[in-house]
Student: 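Structure provided below as structure tokens; questions to follow.
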Amino acid sequence: MHFAKHRWYRGTFRPKDSFLESLGFFLSTNIIMEETMAYNHKDIEQKWQQFWSDNETFKTVEDADKPKYYALDMFPYPSGQGLHVGHPEGYTATDIMSRMKRMQGYKVLHPMGWDAFGLPAEQYAMKTGNNPRDFTAKNIQNFKRQIQSLGFSYDWSREVNTTDPAYYKWTQWIFEQLYKKGLAYEKETLVNWAPDLMGGTVVANEEVVDGKTERGGFPVYRKPMKQWILKITAYADRLIDDLDLVDWPDSIKEMQKNWIGRSVGASVFFNVEDSEKQIEVFTTRPDTLFGATYLVISPEHDLVDQITTPESKAAVEEYKKAVATKSDLERTDLNKDKTGVFTGAYAVNPVNGKKIPVWISDYVLASYGTGAVMAVPAHDGRDYEFAKKFKIDMVPVYEGGNLEDGVLDSEGGLINSGFLDGMDKQTAIDTMISWLEEHGVGHKKVNYRLRDWVFSRQRYWGEPIPVIHWEDGETTLIPEDELPLRLPAATDIRPSGTGESPLANLDDWVNVVDENGRKGRRETNTMPQWAGSSWYFLRYVDPKNDQKIADEDLLKEWLPVDLYVGGAEHAVLHLLYARFWHKVLYDLGVVPTKEPFQKLVNQGMILGSNHEKMSKSKGNVVNPDDIVERFGADTLRLYEMFMGPLTESVAWSEDGLNGSRKWIDRVWRLMIDDENQLRDHIVTENDGSLDMIYNQTVKKVTDDYENMRFNTAISQMMVFVNEAYKADKLPAVYMEGLVKMLAPIIPHVAEELWSLLGHEGGISYAEWPTYDESKLVEATVQVILQVNGKVRSKITVDKDIAKEELEKLALADAKIQQWTADKTVRKVIVIPNKIVNIVVG
RNA sequence: GCCGCUGUGGCGGAAUUGGCAGACGCGCUGGACUCAAAAUCCAGUUCCUUCACGGGAGUGUGGGUUCGACCCCCACCGGCGGCACCA
């Protein structure tokens with residue numbers, strides 16, 4: 001243990017001293033601490049949090065004349081672990097923006113809530129025999145206490161909770177709209193079946209990591225199962241194109257584009273010889289069709305059984321079996337060596353009538369495109385490897401290169417391609433697509449990597465899907481006026497064992513009979529956690545409305561969200577799903593904007609002091625409760641904003657934290673004496689000595705906050721405080737300005753100083769400071785004198801003097817003369833008010 | 001492998017438009033205060049060289065453009081994130 005490095009608070013102990021010395025040390029320290037501890041964070045923070053609560057200071061203002069600002073945090077999953085120091089980073093950022101905007105005259109919507117459905121609560125409940133509802137309620141209570149202890153300016157009257165029936169009524173309502181629009185359908189699909197996760201559950205592709213469940217690390221198998229699917233692919237184009245409308249980091253836009261994976265190409269139909277069957281392939285390179293010397297279809301493809309010749313049957317069956325038992329991991333990462341089997345069938349290349357063999361291979365994915373490709377081994381690396389291994393013909397269709405050396409590129413003109421010969425790539429693509437369309441053997445096609453969204457979860461702790469399956473085969477929605485379909489209050493949640501959710505065990509709930517005596521069974525699947533979080537930002541606008549998702553006028557008033565801050569782990573899925581739902585609701589006329597989140601910011605991660613991700617197992621987790629107790633919420637807020645740019649990951653440092661506390665003390669001492677009185681060097685007159693630095697500070701801090709560069713804003717205020725310490729007199733208006741600028745970051749201390757400066761009613765709606773442009777201009781400027789690009793001297797001259805005069809002064813400078821004396825001046829570059837560079841040789 | 005971001009003192013970071021690299025903070029060193037220590041206040045702190053004045057080098061590496069490059073261009077190396085046989 002390094003005691004010197006862990007001076008927690010004003011050095012409370014010194015282990016190397018003898019006992020007697022330590023005793024004396026403690027006694028004197030305590031006396032002094034009592035004298036100088038004018039700023040007591042516990043008292044002040046408690047006092048002002050009470051004040052804000054009593055006065056409903058942060059209740060959202062409804063005022064048609066004020067501009068609006070909607071600052072949103074990604075609402076947390078209230079885990080049993082409690083708050084992590086990473087949470088307050090983003091929360092502080094939106095809080096600073098909210099508090100500044102209020103002071104600038106905006107009406108601000110700044111809410112918080114709970115994404116409270118989810119797997120851990122269900123797992124915990126199963127393990128302990130408790131109800132996830134009680135467990136979740138307890139966790140929310142703890143999260144709320146922790147968040148409130150940090151002094152965020154949330155309007156708690158708008159708190160939402162995804163597990164509240166009054167909330168999920170509308171989640172179910174949205175599902176019903178999706179169903180009515182044909183965007184929700186049931187399908188028997190190959191799903192990721194994890195038999196060991198909670199007695200058997202299905203997880204989405206994105207929740208599978210390395211062939212195992214993301215949570216728990218259980219093995220995953222592929223199994224056909226009837227699932228609810230949402231047709232997100234119908235919105236693929238708009239989800240890409242509308243990214244142009246929002247102010248998001250380029251990296252996130254790029255990730256979403258890649259995830260959707262739009263590629264433009266052509267569908268081409270190949271007739272299977274001696275058969276009525278056709279194989280449709282998708283290709284982005286129709287220009288290379290003359291070079292297609294075989295087809296490959298995925299082993300799972302429907303046509304495999306139909307076209308395989310009797311002689312090949314055994315080999316094909318064996319290959320299919322081998323592939324089916326391989327995990328996705330083995331099919332991709334582990335096996336770079338191409339495998340495959342000839343089906344015995346031949347297809348006809350529509351463009352030249354050539355007979356080409358049809359193979360199956362696992363390098364063709366069933367889930368992408370049509371599950372079949374035309375192989376052009378001369379110009380595609382994968383096809384090249386495959387053809388080389390199985391000794392299949394290669395026909396180059398672009399001039400140049402040697403096939404012995406490997407796959408060829410597609411520069412230059414086409415060859416061996418009939419009517420395409422001599423064309424360049426793009427012309428050939430366009431010409432070929434026209435040809436295919438004219439001859440009815442293909443057409444232009446856009447393909448996506450994005451899959452439809454598997455929306456069912458075999459869980460208890462989620463929104464019930466409001467659907468009944470009747471004995472006659474009909475499927476109906478629960479009528480809207482009967483929503484919400486409540487999650488039954490089960491006391492004993494157990495896996496059904498069949499792969500269905502634990503709801504299947506609850507006979508009273510599952511079995512229904514209609515007025516005609518027709519029997520039915522409720523859908524036992526529940527919704528994924530993504531459901532509730534895909535629209536919660538709409539509910540904050542009108543959280544108590546029991547007639548609608550939210551009032552249209554209020555939605556028009558507040559949307560879109562002006563600032564959305566959260567972790568980059570939600571870069572793709574949450575943000576894509578929320579955008580998808582938003583667009584569906586836009587099409588229904590429910591919401592007024594195409595996009596939900598105008599500006600998005602991803603905060604970086606706060607790493608442990610060893611520069612590694614914080615985790616229990618590494619023992620580097622910092623608990624915010626502990627920091628609030630020892631240093632106060634203001635110190636935590638200040639430190640997290642000062643440690644580096646919001647968007648970057650930075651390592652936690654106890655020393656840095658301590659420094660932040662010391663600076664708050666320093667600001668405090670600048671204005672307040674040991675008797676807790678305003679210091680008498682704070683005066684009403686202004687001797688002008690702080691004019692320049694004050695006005696610079698207001699300008700920079702305002703601008704930096706607006707652009708969320710909190711670290712540099714803080715450093716500018718530090719510079720101002722350093723200057724203020726050197727001044728004899730401190731104009732009261734400047735001190736008030738400083739306190740106002742500090743208020744968004746360290747609100748409790750700012751409130752206390754504001755009241756000590758003689759103001760009543762709190763600082764939250766005090767007017768944001770302004771600066772005087774005329775005080776920013778200096779009469780003289782320092783000009784850098786360089787010789788051959790190296791700084792050799794500096795002169796101070798009147799601002800805006802003529803170029804010629806500046807050049808003359810520069811050349812006359814004594815130090816410059818030393819450097820230029822015996823040399824020829826070849827050139828002089830003069831940048832007024834900045835620099836003179838003399839080139840000699 | 002592909003796509004994106006990133007690399008600056010002992011440490012976190014700053015330099016917003018191509019114009020003094022290292023603001024601000026931490027740490028460290030020294031001074032004031034104190035019997036003493038802590039705290040506080042003040043000063044110094046990129047590296048090499050020099051008693052000093054000064055000089056030289058320097059923003060991952062190598063090249064280039066420019067009077068002038070952390071900044072723009074080319075190639076490479078390391079770190080982080082995403083995707084991964086996507087036809």
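Convention: sequence-line order gives letters A, B, ...; per-chain numbering from 1.
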Student: Heavy atoms only, 4.0 Å cut-off, all strands: where does A/Asn711 land among base, sugar-phosphate and nothing?
Tutor: sugar-phosphate
Student: Compare the minimum distances between each of B/C24, B/U40, B/C20 and the side chain of A/Val719, then state the nucleotide with the smallest one.
Tutor: B/C24
Student: May I ask you to say what A/Tyr725 touches in the nucleic acid, namely base, sugar-phosphate or nothing, with a heavy-atom cut-off under 4.0 Å?
Tutor: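 Contact class for A/Tyr725: sugar-phosphate only.
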Student: So which nucleotide from B/C42, B/C83, B/G81 ends up closest to the side chain of A/Arg666?
Tutor: B/C42
Student: Are the side chains of A/Met614 and A/Leu607 in touch, meaning some heavy atoms are under 4.5 Å apart?
Tutor: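 No - every pair of side-chain heavy atoms lies 4.5 Å or more apart.
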Student: Using the side-chain heavy atoms of A/Ile835, tell me which of these nucleotides is nearest: B/G13, B/G19, B/C83.
Tutor: B/G19
Student: Which base, if any, makes a Watson-Crick or G-U wobble pair with B/C70, both distances under 3.5 Å?
Tutor: none
Student: If you measure from the Lys or Arg side-chain nitrogens to the Asp or Glu carboxylate oxygens, is any gap between A/Lys815 and A/Asp813 under 4.0 Å?
Tutor: no
Student: With no angle test and no hydrogens, is the base of B/C85 tied to the side chain of A/Lys338 by a donor-acceptor pair under 3.5 Å?
Tutor: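 Yes.
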Student: Name the closest nucleotide to the A/Phe282 side chain, picking from B/C83, B/G19, B/A87.
Tutor: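 Comparing B/C83, B/G19, B/A87 against the side chain of A/Phe282, the answer is B/A87.
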Student: From the set B/A14, B/A87, B/G19, return the single nucleotide nearest to any side-chain atom of A/Ile829.
Tutor: B/G19
Student: NA contact type, A/Lys700, heavy-atom cut-off 4.0 Å: base, sugar-phosphate, or nothing?
Tutor: base
Student: Ring centres of A/Tyr363 and A/Phe386 under 6.0 Å apart?
Tutor: yes
Student: With the 90 degree cut-off around zero defining syn, does B/G9 come out syn or anti?
Tutor: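 Nucleotide B/G9 adopts syn.
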Student: Can you tell me the Watson-Crick or wobble partner of B/G44, both distances under 3.5 angstrom?
Tutor: B/C28
Student: A/Val650 side chain: which of B/G12, B/C86, B/G27 is closest?
Tutor: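 Per side-chain heavy atoms of A/Val650, the pick is B/G12.
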Student: What is the pairing partner of B/A21, taking Watson-Crick or G-U wobble pairs with both distances under 3.5 Å in any strand?
Tutor: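 Across any shown strand, B/A21 pairs with none.
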Student: Can you identify which nucleotide, out of B/U16, B/G19, B/A87, has its nearest atom closest to the A/Asp704 side chain?
Tutor: B/U16
Student: So if I take every side-chain heavy atom of A/Arg792 and compare against B/G56, B/U16, B/C41, which nucleotide ends up nearest?
Tutor: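 The listed nucleotide nearest to A/Arg792's side chain is B/G56.
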Student: Minimum heavy-atom separation for A/Ile433 to A/Pro286, with atom names?
Tutor: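 Taking A/Ile433 first and A/Pro286 second, the nearest heavy atoms are CG1-CG, 4.0 Å.
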Student: Does the structure show a Watson-Crick or G-U wobble partner for B/G1, both distances under 3.5 Å? Name it, or say none.
Tutor: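 Pairing partner: B/C83.
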Student: Taking atom types as modelled, is there a side-chain donor on A/Thr339 or A/Tyr319 under 3.5 Å from an acceptor on the other?
Tutor: yes
Student: So, A/Asp703 and A/Arg709, do they make that salt bridge, N to O below 4.0 Å?
Tutor: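 Yes, this pair counts.
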Student: Paired with B/G78 by Watson-Crick or G-U wobble geometry, both distances under 3.5 Å: which nucleotide is it?
Tutor: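 Pair assignment: B/G78 / B/U6.
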Student: Heavy atoms under 4.0 Å, any strand shown: does A/Pro249 hit a base, just sugar-phosphate, or nothing?
Tutor: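 Result for A/Pro249 = nothing.
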Student: Return the pairing partner of B/U65 with a 3.5 Å limit on both distances, Watson-Crick or G-U wobble; otherwise return none.
Tutor: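 Pairing partner, where one exists within any strand: none, as none qualifies.
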Student: Which listed nucleotide (B/C83, B/A15, B/G82) is nearest to the side chain of A/Arg449?
Tutor: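 Of the candidates, B/C83 comes closest.
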Student: For the side chain of A/Lys790, counting heavy atoms from C-beta on, which of B/A21, B/C26, B/A57 is nearest?
Tutor: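 Ranking B/A21, B/C26, B/A57 by closest atom to the A/Lys790 side chain puts B/A57 first.
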Student: Contact class for A/Gln786 vs. all strands (heavy atom < 4.0 Å): base, sugar-phosphate, or nothing?
Tutor: base
